[in-house]
Amino acid sequence: MSDLRVRFAPSPTGYLHIGGARTALFNYLLAQQQSGTFVLRIEDTDVARSTQESVDAILDAMDWLGLTCDEGPFYQSDRSELYKEKIEQLLAEGKAYRCYCTQEELDAKREAALASGGKPKYDGTCRTRTDQPEQPYVVRFRLPNDEGVTHFNDRIKGGISIRHQELDDLILQRSDGTPTYNLVVVIDDAEMGINLVVRGDDHINNTPRQILLYEALGYQVPEFAHVPMILGADKKRLSKRHGATSVMAYQAMGYLPEALVNYLVRLGWSYGDEEIFSMDELIEKFSLNNVGKSAGVFNPEKLLWLNAHYIKTGDASRLAALLTEFLEAKGIVPSEGPDLVAVVESLRERASTLVEMADGAAFYFFDELAYDEKAHNKFLTEGHRALLSGICEQLRECSGFDEADLEAAFAKVMERFSLKFGKVAQPLRVALTGGTASPSIYDVLKVLGKERSLYRIERALTVLV
RNA sequence: GUCCCUAUCGUCUAGCCUGGUCCAGGACACCGCCCUUUCACGGCGGCGACGGGGGUUCGAAUCCCCCUGGGGAUGCCA
C-alpha cells in the first residue's frame with residue numbers, strides 16, 4: 001500500500017461522458033499501479049443541476065468500465081457542516097469577507113471593464129467593508145498578495161505560473177449559503193488526503209486560486225496533473241454534435257468496455273508503438289510521463305477498430321452472454337436457436353460491434369426466412385431446383401455433420417453437377433440464410449445443424465421462381 | 001479583449017529532455033494487389049506530417065525568440 005491517494009470527482013449533472021471516463025481511468029490506473037487509493041466523490045454542490053439519476057448513471061458507467069473505487073462515493077451534499085466551519089474560519093481570520101454587491105451591479109461592472117478593454121474581475125468594493133447589513137451576501141476569498149505570483153509544477157504540463165493580478169476575489173459561498181466548487185474541492189481533496197489531483201486541463205486556470213486556498217486553510221498543497229481535453233473532429237470541445245459522448249451509449253451500441261478503455265487510454269497516452277492493452281497491462285505500463293500535453297480528437301473509427309479486435313479475440317462464451325440482450329432487442333429468443341457460442345464463433349470476424357453481430361446472427365433464429373429479393377431472384381430459381389435437391393439428398397445421407405462430412409458431401413455434389421464450389425455455395429447460402437452475405441457455408445451448416453439445414457433447403461424448394 | 005495551455009501524416013501518436021543514427025517510425029481511415037464459397041478476416045504495398053519566420057550550431061523535428069493556428073479560463077457551473 002503506497003500513500004498515493006487520487007480521486008475522481010464528477011458532478012452529477014448528466015451522464016458520464018468520454019472525457020470524464022478517461023480522467024477516471026487515469027486515476028484508477030495510477031492507484032492500482034502504486035497500490036494507492038482511488039476515491040470517488042460526487043460534487044453535487046450545485047443543487048439545482050444535480051440529480052440522483054445522474055449519480056446512478058455515473059456509477060453504472062464506471063462499473064461497466066471496471067473502474068472500481070477504493071473509497072466512496074462521498075457526497076459533498078453530506079458535508080456542508082464542514083464547509084460552513086471552514087468558511088467561518090476564513091472569515092474569522094480575515095482571509096475572506098462578506099460581499100453585498102448584487103448580481104446586477106456585478107454584471108454592470110463586468111461589462112464596463114470588458115468594454116474599456118480591462119480584465120473583467122471583481123473590483124473589491126466590499127473588501128474593506130466592516131458593517132454587516134441585513135442583506136443577502138456572498139463570502140469572497142481575500143486574495144493574498146496582489147503583487148505575487150503562484151507557481152506549480154504540473155505533472156503533465158510542467159511549470160505553470162500566474163500573476164495574482166490576473167485573479168480576483170472568488171466567491172466561496174453563494175448568497176443562499178451553499179459553498180462553491182473552488183472552495184469545496186480544496187477542502188475535500190485536503191480532508192480526504194488526496195495528494196495527486198488528476199483532472200481535465202480545463203481546471204488549470206482554477207489551480208492557482210485553489211493553491212492559495214490550500215495555503216489559507218493551512219493545508220498541504222497536493223501535486224497536480226492536468227490531462228488534455230478531448231475534442232471533436234472539428235477541434236471543438238467534444239459534444240453531442242460529434243456523436244455519442246456518453247459512456248453507456250457505447251454499451252448500447254454494442255461496444256465492449258475493454259475496447260473503450262483501450263481507446264481512451266491511447267488518446268493522450270502512448271507506450272512506444274503498442275496499440276493493444278489489457279487493463280492489467282495498463283496498470284503495469286501506464287505513466288503520467290507518457291501522457292501528451294495537447295488536446296486530442298476523438299476518432300470513432302479507431303474505437304470501432306479496437307472493438308472489432310476485442311470481438312475477434314475475446315472469450316466466445318462471454319461474448320455470447322453479452323450478445324443475448326442485443327438478440328432479444330430484435331425480438332429473438334436466443335434459447336430457441338442454435339448454440340450461441342457457435343453463433344458467435346461464426347460471426348466474430350465479420351462484426352465490429354455486438355449490434356452488428358446480432359444483425360448478422362438473426363438468420364440463425366428464423367427457420368421461416370424472409371429472402372432478400374435480389375438474392376431470391378438470382379439464386380432461388382427453377383434453374384436451381386435440381387442442384388438444391390441434389391444438395392439436400394447428399395446432406396441427408398451424411399451420418400455426421402462436421403467439416404470432413406460436409407466436404408465429402410459437397411465433393412459429390414460438385415462432381416455430379418460439374419460445378420465449382422462457388423456455384424454450389426451461393427444458392428445454398430440464400431436458402432440457408434436468406435441473403436448472399438454470411439459466414440462460411442460450412443460454418444452455417446454446422447451451426448444450424450442437419451435438421452434445421454435440411455428444413456431450410458426444402459422450404460427454399462417451395463419458393464423457387 | 002486579457003490571461004493560461006498547446007502545436008509531427010486527415011486522426012491517435014513515436015522521436016524532442018540527452019541536436020547528427022529521421023529525405024521522420026507505428027496505428028486508424030483511405031487506395032491498390034493477393035488470399036477466397038459470399039461478406040468479412042488476414043497478408044503485402046501505396047498515399048500522407050515536422051504550421052510560418054527568425055536565430056544558435058559544422059549540423060535542428062529536436063535548443064531560443066516572434067508570429068500564426070487551436071483549446072481553455074475569464075460564472076453566486078463544476
Side-chain angles (χ1 to χ4, degrees), chain A residues 9-13 43-46 48-50 76 99 101-103 106-107 110 113-121 136-140 154 156-158 160-163 165-168 170-182 184-185 199-208 226 228-229 231 233-237 263 266-276 290 292-306 308 312 347-352 360 375 379 410 420-426 428-430 433 435-442 444:
Chain A
S11 69
T13 54
E43 308 231 322
D44 54 357
T45 51
D46 184 349
R49 298 199 300 152
S50 300
Q76 292 186 322
C99 169
C101 296
T102 65
Q103 189 76 66
L106 260 20
D107 290 346
R110 197 163 13 240
L114 224 35
S116 66
K119 180 103 180 155
K121 54 183 224 180
Y137 64 90
V138 298
V139 175
R140 283 184 187 270
D154 193 271
I156 291 172
K157 303 275 188 174
I160 294 176
S161 44
I162 186 154
R163 293 182 300 281
Q165 294 155 4
E166 304 298 336
L167 274 21
D168 66 356
L170 80 163
I171 292 171
L172 303 179
Q173 183 180 84
R174 302 182 182 97
S175 48
D176 67 0
T178 57
T180 59
Y181 166 72
N182 278 299
V184 296
V185 75
R199 68 204 336 181
D201 74 5
D202 48 338
H203 286 287
I204 284 185
N205 294 283
N206 289 325
T207 307
H226 287 98
M229 308 240 76
L231 309 176
D234 55 2
K235 300 275 181 94
K236 301 288 182 208
R237 197 186 191 121
Y263 178 71
R266 274 287 288 105
L267 184 52
W269 173 82
S270 61
Y271 191 80
D273 285 340
E274 289 183 42
E275 295 287 350
I276 306 295
N290 299 319
K293 296 176 173 185
S294 54
V297 173
F298 184 76
N299 182 349
E301 274 86 37
K302 190 151 185 181
L303 204 210
L304 191 63
W305 171 74
L306 279 164
K312 236 172 286 170
L347 287 160
R348 67 193 317 173
E349 292 202 334
R350 19 179 75 74
S352 295
F379 293 108
F410 277 90
K420 290 207 183 171
F421 189 75
K423 295 288 181 191
V424 178
Q426 217 50 352
L428 176 58
R429 191 184 311 281
V430 179
T433 72
T436 51
S438 85
S440 139
I441 206 72
Y442 289 147
V444 171

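Keep in mind that what you see is a predicted model, and the values were worked out from it rather than measured. In what follows, every chain begins at residue 1, and chains take the letters A, B, ... in the order their sequences are listed. All values below come from the heavy atoms of this structure, side chains included, with hydrogens, waters and symmetry mates left out.
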Which whole number of Å gives the distance between the [atom1] atom of [N] and that of [M]?
N: B:A49; M: B:G26; atom1: C1'; result: 14 Å
N: B:A60; M: B:U56; atom1: P; result: 12 Å
N: B:G46; M: B:C9; atom1: C1'; result: 14 Å
N: B:G54; M: B:C5; atom1: P; result: 27 Å
N: B:C3; M: B:G15; atom1: P; result: 33 Å
N: B:C39; M: B:G32; atom1: P; result: 15 Å
N: B:A61; M: B:G53; atom1: P; result: 12 Å
N: B:C23; M: B:G59; atom1: C1'; result: 15 Å

Indicate, with a heavy-atom threshold strictly under 4.0 Å, whether [X] touches base, sugar-phosphate, or nothing.
X: A:R49; answer: base
X: A:C101; answer: base
X: A:P10; answer: nothing
X: A:D168; answer: nothing
X: A:F298; answer: nothing
X: A:H226; answer: nothing
X: A:G268; answer: sugar-phosphate
X: A:V138; answer: base

In the structure shown, which nucleotide is the Watson-Crick or G-U wobble counterpart of [N], with both distances under 3.5 Å?
N: B:C16; value: none
N: B:C39; value: none
N: B:G45; value: B:C31
N: B:C50; value: none
N: B:C22; value: none
N: B:U74; value: B:G1

Residue mapping more 5' on RNA chain B - nearest nucleotide basis, A:L231 or A:Y137: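 Here A:L231 is the residue nearer the 5' end.
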Which is more 5' along RNA chain B, the nucleotide nearest A:D273 or the one nearest A:A351? Just name the residue.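 Nearest nucleotide further toward 5': that of A:D273.
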Any idea if B:C41 is syn or anti, going by the 90°-from-0 cut?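 Base orientation: syn.
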On the nucleotide [N], are OP1 or OP2 found under 4.0 Å from the side-chain N or O atoms that [X] carries?
X: A:K312; N: B:G42; value: yes
X: A:S440; N: B:U37; value: no
X: A:K236; N: B:G70; value: no
X: A:K121; N: B:U2; value: no
X: A:S294; N: B:G71; value: no
X: A:R174; N: B:G75; value: no
X: A:R199; N: B:G72; value: no

Rounding to an integer number of Å, can you tell me how far [X] [atom1] sits from [N] [atom2]?
X: A:K157; N: B:A73; atom1: NZ; atom2: P; result: 13 Å
X: A:I204; N: B:A73; atom1: CD1; atom2: P; result: 11 Å
X: A:D176; N: B:C77; atom1: CG; atom2: P; result: 8 Å
X: A:I156; N: B:C17; atom1: CD1; atom2: P; result: 21 Å
X: A:W269; N: B:A27; atom1: CH2; atom2: P; result: 17 Å
X: A:K293; N: B:C17; atom1: NZ; atom2: C1'; result: 10 Å
X: A:I276; N: B:C12; atom1: CD1; atom2: P; result: 18 Å
X: A:K423; N: B:U38; atom1: NZ; atom2: C1'; result: 12 Å

Under 3.5 Å side-chain donor-acceptor pair for A:T433 and A:R429: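 Not at all, the side chains of A:T433 and A:R429 share no donor-acceptor pair under 3.5 Å.
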Residues A:T180 and A:N182: side-chain donor-acceptor under 3.5 angstrom: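 Per modelled atom types, A:T180 and A:N182 side chains form no pair under 3.5 Å.
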What's the closest nucleotide to the side chain of [X] if the choices are [options]?
X: A:N182; options: B:U6, B:C3, B:A78; result: B:A78
X: A:W305; options: B:U38, B:C28, B:C76; result: B:C28
X: A:L267; options: B:C76, B:U13, B:G72; result: B:U13
X: A:E43; options: B:U38, B:C3, B:A78; result: B:A78
X: A:D202; options: B:C5, B:G72, B:U37; result: B:G72
X: A:T436; options: B:U38, B:C28, B:C76; result: B:U38
X: A:S438; options: B:G71, B:G26, B:U38; result: B:U38
X: A:Q103; options: B:U6, B:A78, B:C76; result: B:C76
X: A:N205; options: B:A78, B:U11, B:C4; result: B:C4
X: A:I441; options: B:C28, B:C4, B:U37; result: B:U37

Test item: [X] side-chain N/O and [Y] main-chain N/O as donor-acceptor pair under 3.5 Å:
X: A:R140; Y: A:L172; answer: no
X: A:N290; Y: A:Y271; answer: no
X: A:R266; Y: A:W269; answer: yes
X: A:K235; Y: A:V297; answer: no
X: A:Y263; Y: A:N299; answer: yes

Ignoring hydrogens and angles, answer whether the base of [N] and the side-chain atoms of [X] contain a donor-acceptor pair closer than 3.5 Å.
X: A:R350; N: B:C39; answer: yes
X: A:R429; N: B:U37; answer: yes
X: A:E275; N: B:G26; answer: yes

Please work out which of the three classes, parallel, tilted or perpendicular, describes the rings of A:F410 and A:Y442, given edges at 30° and 60°.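 A:Y442 and A:F410: perpendicular rings.
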Let me confirm one number: the CG-CD distance from A:D46 to A:E43, rounded to the nearest 0.5 Å.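 A:D46 CG to A:E43 CD: 11.5 Å, rounded to 0.5 Å.
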Using the rule given for side-chain contact (heavy atoms from CB on, under 4.5 Å), can you reason through A:M229 versus A:D201, listing the C-alpha separation, both sets of side-chain angles and the distance that settles it, and then say yes or no? CA-CA 6 Å; A:M229 308 240 76; A:D201 74 5; 3.0 Å; yes
